[in-house]
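These notes are about the structure you will find just below.
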Amino acid sequence: MKCMGKSCLNHVRLCSLFNTQCIKTRHFISTSTSKTGASTSIEEFTALCSKGHVKEAFKSFRSEIWSDTSLFCHLVQACILRKSLPMGKQLHSLTITSGCLNKFFSNHLLSMYSKLRESQTAITLFDHMPWRNIMSCNIMINCYVQSGDLDSARNVFDEMPQRNVATWNAMVSGLIQFEFNGDGLCLFSEMHELGFLPDEYTLGSVLRGCAGLRSLRAGKQVHAYVMKSGFKFDLVVGSSLAHMYMKSGSLEEGEKVIDSMPIRNVVAWNTLIAGKAQSGHPEEVLDNYNIMKLAGLRPDKITFVSVISSCSDLATLGQGQQTHAEAIKAGACSVVDLTSTLVSMYSRCGCLEDSVKVFVESESMDPVLWSSMIAAYGFHGRGEEAIKLFERMEEEGMEADDVAFLSLLYACSHCGLREKGLEFFDLMVGRYGLKPRREHYACIVDLLSRYGCLEEAEAMIRSMPIKADAIIWKILLAACKIHKNADVASRVAEEVLKVDPQDSASYVLLSNVHASAKRWEDVSAVRKMMRDKNLKKEPGVSWVEIKNQVHQFSRGDRSHPKSKEIDLYLNELTTEMKFRGYAPNTSAVLHDMDVEEKEDSLAHHSEKLAIAFALMNTPGGVPLRIMKNLRVCEDCHLAIKYISETKNREIIVRDSSRFHHFRNGGCSCGDYW
DNA sequence: CTAGGGTTAG
């Protein structure tokens with residue numbers, strides 16, 4: 001009964017379009033409502049359609065096809081569903097040969113070609129249509145947009161004598177899809193001025209445009225409109241709104257929007273979770289993930305991507321493995337996007353072997369996946385493997401993009417492969433024609449300066465076509481410390497502080513350089529500047545995951561419940577290490593203290609506390625995985641070598657820039673970091 | 001015509 005009602009509606013619509021066919025149509029209604037004949041035939045017909053037998057289906061309903069749009073729609077749907085272009089073309093030619101190609105049917109065909117990504121045929125059809133209407137133009141705008149031809153879309157748009165809201169939506173969303181966010185928003189206000197009322201589609205696109213521009217101001221205006229309009233409770237609008245706030249750095253506002261939604265679907269949860277993941281709140285990602293599951297929602301591949309990438313930020317291997325297992329159970333692991341995240345997560349959690357395993361099992365020819373594997377090798381100081389992988393990427397015919405190169409350069413710089421790195425940089429600019437971004441220059445500066453070519457690195461910064469930021473100068477400054485070059489350091493520090501006068505880390509670095517060069521007066525001058533500006537050193541924090549529980553330590557921190565035991569253990573350990581020849585390296589200690597104080601200050605660096613705690617709480621032979629927010633200092637690096645030997649343990653430390661694998665008194669970085 | 005996600009310098 002329901003079906004017949006719909007069919008009648010179609011007849012009415014059709015009659016208004018083609019007055020001439022009204023009689024025939026009426027006749028059809030009367031036959032098709034009789035119980036026996038038509039309904040079984042319709043079933044046969046749809047069966048034929050779903051099997052893809054267009055010709056047979058067409059024959060079985062030859063006379064009625066042209067009078068009942070729903071039948072024609074079935075045929076078109078069949079073509080789209082089976083993504084069968086030949087079938088669609090057949091249908092198209094049948095329409096022509098039977099002389100029935102009219103306004104209504106050609107719009108359906110147009111939309112079919114557009115959906116089957118056959119834009120060329122759609123264009124030809126459109127160009128030869130004597131009866132273009134708003135609908136056909138709208139379809140065409142979308143067709144051009146999805147093939148990336150925004151100019152042609154705009155042409156159709158501009159030349160339309162009349163438009164409706166869908167027209168504006170198609171053009172606005174097209175512009176915004178291709179990140180012409182500003183243009184999209186301008187078009188939106190034009191539409192608004194002309195009196196077209198935005199609907200939920202418009203609002204979704206426009207909010208996405210605001211998010212792309214990180215424009216809170218525009219976003220808030222749209223928000224105000226949403227509250228007035230009837231789309232306050234629309235799921236799509238709500239998620240877009242929250243997304244806009246979070247992208248623009250207003251995490252709280254975004255959360256408020258999500259909280260106010262009467263129903264939350266997976267996408268709404270994902271918006272919240274991804275927002276937190278991307279703005280550096282990985283703990284909250286895990287919390288929300290658990291709440292979401294408790295609320296009875298099923299995480300999908302996008303949830304898993306955010307959660308697993310948060311596990312890499314936190315370096316919580318246990319949590320990462322567990323989420324990986326959940327993703328497998330949910331059947332989401334065959335997706336390449338997730339594979340890239342997994343490769344990165346295992347690498348950043350210190351398990352390079354597992355990254356390799358995930359990578360090899362996937363075997364997708366996806367440049368992002370390969371980039372993440374190259375980066376993973378680089379992170380672990382395996383420059384040779386990174387280069388080999390890149391070369392294989394070229395052999396397999398994959399187009400290396402700027403990120404692939406970034407990962408590669410990064411690997412070279414961390415492994416001291418100066419020549420190779422410079423060679424790849426030339427390759428990128430020359431043969432690949434890629435324009436280096438600031439990040440690429442940063443890698444090259446890192447490569448040169450770590451290697452000891454401080455002047456060359458400085459010249460590179462001064463000559464590059466992009467304005468240097470504080471980060472790039474700081475890379476050089478850090479290298480000045482390693483190579484104990486106070487002259488370059490003073491010059492460079494000046495540049496850093498020009499760009500970012502509040503950067504405490506630079507003062508600390510500068511003071512360290514002076515200290516290593518034993519320029520004590522300069523040291524106290526820098527420290528006075530810090531005091532005057534009320535700047536404090538960013539505290540070093542280390543953490544370790546034991547039995548799925550994360551324990552965090554910072555220097556001199558006595559807040560851990562086992563703090564006393566840790567101290568005792570650490571003292572014993574230090575004595576044992578000194579017996580084996582360990583001598584604390586106090587050169588990097590900032591304060592004017594006596595030797596004993598300096599040693600004591602070093603002995604309680606956060607990574608040492610974390611290692612001591614981990615040694616006390618894990619059985620012998622289990623590798624330790626320690627994470628640190630800053631770079632490992634020279635003394636800790638030396639001390640951990642001794643610890644690995646004394647306790648016969650493999651200790652894996654992730655600092656702010658890379659991994660160190662300590663084993664039998666040595667480190668995988670070869671003291672180059 | 002409509003929302004959310006992956007790799008990347010320190």
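Note that the coordinates shown come from a computational prediction; the quantities given were computed from them, not determined experimentally. In what follows, chains carry the letters A, B, and so on, assigned in the order in which the sequence lines appear, proteins first and then strands, with residues in each chain numbered from 1.
Judged as a salt bridge (charged side-chain N to carboxylate O under 4.0 Å, His left out), and not counting sequence neighbours, the contacts of Lys628(A) are Glu607(A). Partners of Tyr432(A) by ring pair (Phe, Tyr, Trp, His ring centres under 6.0 Å), not counting sequence neighbours, listed by chain and number: Phe405(A). For Trp168(A), the ring pair (Phe, Tyr, Trp, His ring centres under 6.0 Å) partners at least two apart in sequence or on another chain are Phe157(A), Phe196(A). Residues satisfying the salt bridge (charged side-chain N to carboxylate O under 4.0 Å, His left out) criterion with Glu190(A), sequence neighbours excluded, are absent altogether.
When distances run from any side-chain atom of Cys443(A) to the nucleotides dA9(B), dT7(B), dA3(B), the shortest one goes to dA9(B). Comparing dG10(B), dC1(B), dT2(B) by their nearest atom to the side chain of Asn169(A) picks out dC1(B). With dG6(B), dA3(B), dT7(B) as the candidates, the nucleotide lying closest to the side chain of Val305(A) is dG6(B). For Leu235(A), whose side chain is taken as the heavy atoms from C-beta onward, the closest listed nucleotide among dT8(B), dA3(B), dA9(B) is dA3(B). Taking only side-chain atoms of Gln278(A), from C-beta outward, the nucleotide of dA9(B), dG6(B), dT8(B) with the closest atom is dG6(B). Between dT7(B), dA3(B), dG10(B), one nucleotide has an atom nearer to the side chain of Val236(A) than all others, and that is dA3(B). Candidate nucleotides dC1(B), dT8(B), dT2(B) were compared by shortest atom distance to the side chain of Ala375(A), and dT8(B) ranks first.
Stacking between Tyr201(A) and dC1(B) is present: the aromatic ring centre lies within less than 5.5 angstrom of the base six-membered ring centre, and the two planes differ by under 30 degrees.
You won't find any donor-acceptor pair under 3.5 Å spanning the side chain of Arg208(A) and the base of dT2(B), going by distance alone. Side-chain to base pairing of Asp446(A) with dG10(B): no donor and acceptor N or O lie closer than 3.5 Å to each other. The base of dA3(B) sits within donor-acceptor range of the side chain of Asn265(A), with an N or O pair under 3.5 Å.
Here Arg348(A) reaches the OP1 or OP2 of dT8(B): one of its side-chain N or O atoms lies under 4.0 Å away. OP1 or OP2 of dG10(B) has at least one side-chain nitrogen or oxygen of Arg450(A) nearer than 4.0 Å. A sub-4.0 Å separation between OP1 or OP2 of dC1(B) and a side-chain N or O of Gln177(A) is absent. For the OP1/OP2 pair of dA9(B) and a distance below 4.0 Å, the side-chain nitrogens and oxygens of Ser656(A) include no atom meeting the criterion. The shortest distance between the side-chain N/O atoms of His414(A) and the OP1/OP2 oxygens of dG10(B) is below 4.0 Å.
Using a 4.0 Å cut-off on heavy atoms, the residues of residues 463-479 of chain A that approach DNA chain B are Ile471(A), Ile475(A), listed by number.
Summarising the geometry, the separation between CZ on Arg654(A) and P on dG10(B) is reported as 13 Å, rounded to the nearest angstrom. Atoms OH (Tyr410(A)) and C1' (dT7(B)) sit 13 Å apart, rounded to a whole Å.
Screening Tyr377(A), Phe390(A), Phe359(A) for a ring pair (Phe, Tyr, Trp, His ring centres under 6.0 Å) involving Trp370(A) leaves a single residue, Phe359(A).
His380(A) contributes a side-chain N or O that, together with a main-chain N or O of Ser347(A), makes up a donor-acceptor pair within less than 3.5 Å.
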Acceptor/donor pairs from residues 459-471 of chain A side chains to any protein atom, 3.5 angstrom cut, sequence neighbours excluded:
{"from": "Arg462(A)", "atom 1": "NE", "to": "Glu458(A)", "atom 2": "OE2", "distance (Å)": "3.2"}
{"from": "Arg462(A)", "atom 1": "NH1", "to": "Glu495(A)", "atom 2": "OE2", "distance (Å)": "3.0"}
{"from": "Arg462(A)", "atom 1": "NH2", "to": "Glu458(A)", "atom 2": "OE2", "distance (Å)": "2.9"}
{"from": "Arg462(A)", "atom 1": "NH2", "to": "Glu495(A)", "atom 2": "OE2", "distance (Å)": "3.4"}
{"from": "Ser463(A)", "atom 1": "OG", "to": "Ala459(A)", "atom 2": "O", "distance (Å)": "3.1"}
{"from": "Ser463(A)", "atom 1": "OG", "to": "Met460(A)", "atom 2": "O", "distance (Å)": "3.3"}
{"from": "Asp469(A)", "atom 1": "OD1", "to": "Ile472(A)", "atom 2": "N", "distance (Å)": "3.1"}

